[in-house]
J.: 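Questions regarding the structure given below will be posed in turn.
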Amino acid sequence: MRQKTALIPTLRSVAEAEMISHQLLLRAGFIRQVAAGVYTYLPLAQRVLNKISTIVREEMDRIGSQELLMPALNPAELWQESGRYDTYGPELVKLQDRHDRRFILGPTHEETITDLVRNAVNTYKKLPMTLYQIQTKFRDEKRPRSGLLRGREFIMKDAYSFHADRESLDEIYQDMYQAYVNIFTRCGLEFGSVEADSGSIGGKGTHEFMVFSEAGEDKIAICTSCDYSANIEMAEIVIDETSSANDETVAPIEKIHTPNIKTIDQLATFLQVGPNALVKTLLFIVDEQPVMVLVRGDHEVNEVKVKNIMEASTCFMADEQTIRNVTGASPGSLGPVNVKEKITILADQALRGFAQWHIGANQDDYHFLHAVEGRDFEVSKYADLRTIEEGDKCPRCGGIIRFQKGVEVGHIFKLGTKYSDAMKGTFLDANGREQMYIMGCYGIGISRTLSAVVEQHHDEGGIIWPEAISPYAVHLIAVNMKDETQRNLAEKLYKDLLHAGVEVLFDDRPERAGVKFKDADLIGIPKRIVVGSKATENLIELKSRRSGESQEVNADQILTLIQK
RNA sequence: CGGGGUGUAGCUCAGUUUGGCCAGAGCACUCGCUUUGGGAGCGAGGGGCCGCAGGUUCGAAUCCUGUCACCCCGACCA
C-alpha cells in the first residue's frame, strides 16, 4: 500500500482519551469514534482485526469447529422463549420494526444457535457439534469507556457446542481451552486464565482469559506461591481455624443507645474495638425475596456468592424503603435479632467462631451487645459469603493472595442444559429416546483483543505490533521522495517486496523525514526499511521498531533479510 | 441511574463574567519559493448557521428557557 493515498489520519494530539490503547489507536489513525462506545475501524485496524480473526479461525477449525454467521437482528420471541428478554437487563438493545414487531440486537447468540440446532440436528450421530461465528455484538453499556475496551458495539467470536453427554462437553471444553491459549499466545499477549462466575449466561464451570493490564476493569486474585488465580467474585475463602472457644459464659443480651452511629467504623470507635470484632448486617433481594447477610465488620459481602448459595438468578442490595419495611430500621442499625419479617439469615463462615455478636437492633440509634447465636437469634446457614482480599490465604496452597487488574478477552462456559431446557432443544439418542442437548459456549472479544495488545505493546513513540497481527509486515520509508536516486531505489524495493508477497506499507509521501519517522513510530509496524542518502551506494537501513536497533545493509539483500 | 464538565474551523483551544469591529489563534489543508535523516521557514489562500430550538433585545457565540450530544467521576457494605 502506498501511504500517499492511504487513509491513515495520524494526529499530533488527542484529548478525551484516558486509556493508552484508546489514545494510540486514535492518534495512529486506526479508529475514529462515531458515537459513545461506537467506532469506525479504519483500514489499519481492519487489517489487524482480519489477522486476529484469521488466527481465531485457524485455531477453531483445528478443533473441528465450523464457522457460520447468524444475524445481529433477532426476533424478540426467541429471547422471550429463553426468558432473557426480561432478565438480561437494560444492556439488551431492543427495537421495533415498522409493523411493531419486536427485535433485539444480539449481545450473544445462545438463543439463535439453539433454535437453529434444535431444528436442524435431531440425532446423536451428528454430535458433538461445535459452531462459531465472528460478528458484531451489541450491548447498551451504561457507561461505555476506554475506547475499544468497553464499547456498545464490538466484534466477538462466539462458539457453541452441543453434546450428548457430559464427558463430551468436558473434552470440547478442554480443546477450547487449549485453542484459546494458542490464540492469545499467537497474538503476543501476556495472559492468564482464571476461574470465574458465569454471570447471566448461567451454568457451572467457566474460565476467563485475562490480559494483565492496569487498564483492566476486572480484578483477579492471584496466589503469590502457586499458580492459583480466580476472578475476585469467585475466589474461595479458606476457613481460618475457629478462633475462640464457645463455652465461655456470655453476658445476657443488652440493648445500648448508639445515637447517629451508622457505620461499622463509627461503631468500632464508639465501642473501642476493632471492626473485625463487629458484625455487619446487610439486606439483599435475592430472586425477589429479602435475605439478610451477616459478615465480619471488616469484610465485604460477595453478591455473586450470595446468589450462588441461594441458587438464585438475581441478587442485589435492598433499597432503603425495603430495608425499613423488612426490618423496621434504616441502614446502619440492622441485625439478626427481632427481625420484623421472618426471612433467611445467612452468615459468613468467619462468624461461626464468634461467641458474642455486637449488632444493630433493628431500631434506629440502638445496637445489641452480647447477642449469642442460637440463644438470641438463629442463622439459617453459614457459608463462604465474603469477597477475597489482598493478604488472604490461597485456597489451594495457603500462600498469600494478591490482586491484579486485567482485561477479559476470552471466556469459556459449560452451559449444561440451560438453553436446551428453556427452548426444548432435543435430539434422539441411540435408544431412540429424546434427550436435551448439553451445551458449551466460548467467546473471544476480537476488537477488545486488538486494544489489549496495544495496552501491552507500546512505548512513548507509539504502538509496537507483534509480527503475527501487525497491519503490515514491513514499513518502507523513502526519506526524500524528491531525490531521484532514493525514489527509484525505494520504488524498486516496493515492487520487489510486493512481488515476493511481503505485506508492505510504502511511505511515498512528499513529507519530511521527521514526519515520516514519527508516523511510523506511532503506527508501529515491527520492521522498517529506510531508504535515505546512502541510496547512491545501494545501501539501506533495516530497523526494528521494538528494539530500535538498525543495521545498514545492501539493498539486494533485503528480501532474504525480511523473509527470514 | 446520580454528580461534575464540555459543545466555536478537520484537530487543540481562546473569546462568554461586562451583549455592539469578536468570528479568532496554533496545528492541519491549498498554492509558491526555500529546506530535506526525527513532527521545517517565509509568503499568499480556502474553511465555521459559535451543538440544536425557542425567547429577551435596535443588536446574541455572549443573557434566559428548553433540548440533544459527548467526556469524566461515582453507584449504594448499613
Side-chain angles (χ1 to χ4, degrees), chain A residues 7 9-19 22 26-27 29 32-38 89-91 140-147 152 258 260-268 275 278-285 292-303 306 316-324 326-327 329-336 348 359-362 364-365 367 385-387 389 460-462 477-484 486-487 507 509-522 528 530-535 539-541 543 548 550 552:
Chain A
L7 178 58
T10 54
L11 300 168
R12 291 200 179 181
S13 62
V14 176
E16 295 187 353
E18 291 294 307
M19 288 330 25
H22 189 195
L26 283 169
R27 282 227 293 145
R32 279 293 140 93
Q33 184 174 105
V34 176
V38 179
E91 290 179 3
D140 194 358
E141 295 285 348
K142 52 189 157 182
R143 192 181 157 206
R145 64 183 120 183
S146 314
R152 293 194 294 179
T258 50
N260 288 322
I261 287 179
K262 297 260 171 227
T263 69
I264 289 294
D265 281 346
Q266 289 166 357
L267 187 62
L278 298 173
V279 175
K280 185 155 68 180
T281 306
L282 296 98
L283 194 71
F284 286 84
I285 303 299
M292 188 169 270
V293 178
L294 307 165
V295 294
R296 218 170 70 187
D298 58 331
H299 287 161
E300 295 209 347
V301 173
N302 184 327
E303 289 183 24
V306 173
F316 53 89
M317 292 186 90
D319 60 47
E320 190 157 346
Q321 190 54 49
T322 310
I323 291 172
R324 204 169 276 284
V326 173
T327 67
S330 44
S333 306
L334 307 188
D348 185 67
I359 49 181
N362 293 326
D364 285 2
D365 295 334
H367 281 77
L385 295 172
R386 57 171 268 237
T387 301
E389 285 163 23
E460 311 73 52
I477 297 176
V479 169
N480 184 356
M481 283 300 283
K482 282 189 183 155
D483 181 301
E484 203 173 327
Q486 292 183 32
R487 189 178 68 233
D507 194 345
R509 295 175 301 168
E511 291 286 350
R512 300 170 60 81
V515 174
K516 295 187 176 197
F517 291 142
K518 289 287 184 193
D519 276 351
D521 288 345
L522 259 182
R528 183 179 307 172
V530 182
V531 179
S533 47
K534 296 257 179 83
L539 289 177
I540 56 175
E541 206 174 300
K543 184 170 182 176
S550 72
E552 209 165 67

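A quick note: this is a predicted structure, and the numbers were derived from the prediction, not measured.
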J.: Could you state the NZ-P distance from A:K516 to B:A40, rounded to the nearest angstrom?
T.: 13 Å

J.: Hey, does A:A329 reach any base, or is it just sugar-phosphate, or nothing, if we go heavy atoms under 4.0 Å?
T.: nothing

J.: Rounded to the nearest 0.5 Å, what separation is found between the CD1 atom of A:I264 and the CD atom of A:Q266?
T.: 10.0 Å

J.: My understanding is that a pair needs two contacts under 3.5 Å, Watson-Crick or G-U wobble. By that rule, which nucleotide pairs with B:C49?
T.: none

J.: Please encode protein proximity along nucleotides 30-38 of chain B as a string of B, S and -, counting only heavy-atom distances under 4.0 Å.
T.: -----BBBB

J.: Between B:A14 and B:G24, how far is it from one C1' atom to the other, in whole Å?
T.: 7 Å

J.: Nearest 0.5 Å, what's the NZ-CD distance between A:K543 and A:E552?
T.: 13.0 Å

J.: Grab the CD-P distance between A:Q33 and B:A69 for me, whole Å please.
T.: 13 Å

J.: Considering only the C1' atoms, how many Å lie between B:G20 and B:U6, rounded to the nearest integer?
T.: 27 Å

J.: What distance do A:H367 atom NE2 and A:T258 atom OG1 have between them, rounded to the nearest 0.5 Å?
T.: 5.0 Å

J.: Nearest 0.5 angstrom please: A:L294 CG to A:D348 CG, how far?
T.: 9.5 Å

J.: Could you state the atom-to-atom distance from NZ of A:K262 to P of B:C76 in whole Å?
T.: 18 Å

J.: Mind checking the P distance from B:A61 to B:C22? Whole angstroms is fine.
T.: 13 Å

J.: What is the base-pairing partner of B:C33, counting Watson-Crick and G-U wobble geometry with both distances under 3.5 Å?
T.: B:G41

J.: Evaluate side-chain hydrogen bond (donor to acceptor under 3.5 Å, both in side chains) for A:D364 paired with A:S330, printing each intermediate quantity in order.
T.: CA-CA 6 Å; A:D364 285 2; A:S330 44; 2.9 Å; yes

J.: Under a 3.5 Å cut-off for both contacts, is B:U17 paired Watson-Crick or G-U wobble with anything, and if yes, with which nucleotide?
T.: none

J.: Using the 3.5 Å cut-off, write out each protein N or O paired with an N or O of nucleotides 7-10 of chain B and the distance between them.
T.:
none

J.: Taking the C1' atom of each, how far is B:G38 from B:A75, in whole Å?
T.: 47 Å

J.: Round to the nearest Å and state the distance from A:E303 atom CD to B:C77 atom P.
T.: 11 Å

J.: For atom C1', what is the distance between B:G48 and B:G10, given to the nearest Å?
T.: 11 Å

J.: With syn defined as a glycosidic torsion within 90 degrees of 0 and anti otherwise, which applies to B:C21?
T.: syn

J.: Report which part of the nucleic acid A:I323 touches: base, sugar-phosphate, or nothing (heavy-atom distance under 4.0 Å, all strands).
T.: base

J.: Only pairs with both distances under 3.5 Å count, Watson-Crick or wobble alike; so what is the partner of B:G10 in this structure?
T.: B:C27

J.: Looking for any heavy atom pair under 4.0 Å, which part of the strands does A:L278 touch: base, sugar-phosphate only, or nothing?
T.: nothing

J.: Let's test this: given Watson-Crick or G-U wobble pairing with both distances under 3.5 Å, identify the partner of B:C22.
T.: none

J.: Please report the distance, rounded to the nearest Å, between CZ in A:R27 and C1' in B:C27.
T.: 14 Å

J.: What residues form a salt bridge (Lys or Arg N to Asp or Glu O under 4.0 Å) with A:E389, not counting sequence neighbours?
T.: none

J.: Could you give the distance separating B:C58 and B:A53 at their C1' atoms, to the nearest angstrom?
T.: 23 Å

J.: It should be established whether A:R12 places a side-chain nitrogen or oxygen under 4.0 Å from OP1 or OP2 of nucleotide B:A28.
T.: yes

J.: Under a 4.0 Å N-O cut-off, is there an ion pair linking A:K280 with A:D298?
T.: no

J.: Write down the partner of B:G74 under the Watson-Crick or G-U wobble criteria, each distance required to be under 3.5 Å.
T.: B:C1

J.: Any chance you could lay out the side chain to side chain contact (heavy atoms under 4.5 Å, CB included) test for A:M317 and A:L282, step after step, and finish with the verdict?
T.: CA-CA 8 Å; A:M317 292 186 90; A:L282 296 98; 3.0 Å; yes

J.: Name all residues meeting the salt bridge (Lys or Arg N to Asp or Glu O under 4.0 Å) criterion together with A:R512; count only those two or more places apart in sequence or in a different chain, and write none if there are none.
T.: none

J.: Holding to salt bridge (Lys or Arg N to Asp or Glu O under 4.0 Å), I want the full list of residues that pass it with A:R152, two or more places apart in sequence or in another chain.
T.: A:D140

J.: Taking the C1' atom of each, how far is B:G54 from B:C77, in whole Å?
T.: 48 Å

J.: What is the distance from CD of A:E320 to P of B:C76, rounded to the nearest Å?
T.: 15 Å

J.: Under the salt bridge (Lys or Arg N to Asp or Glu O under 4.0 Å) test, which residues partner A:E300, sequence neighbours left out?
T.: none

J.: Using Watson-Crick or G-U wobble geometry with both distances below 3.5 Å, tell me the partner of B:G59, or none.
T.: none

J.: Tell me the interatomic distance from A:L26, atom CG, to B:C71, atom C1', rounded to whole angstroms.
T.: 13 Å

J.: Round to the nearest Å and state the distance from A:D319 atom CG to B:G2 atom C1'.
T.: 15 Å

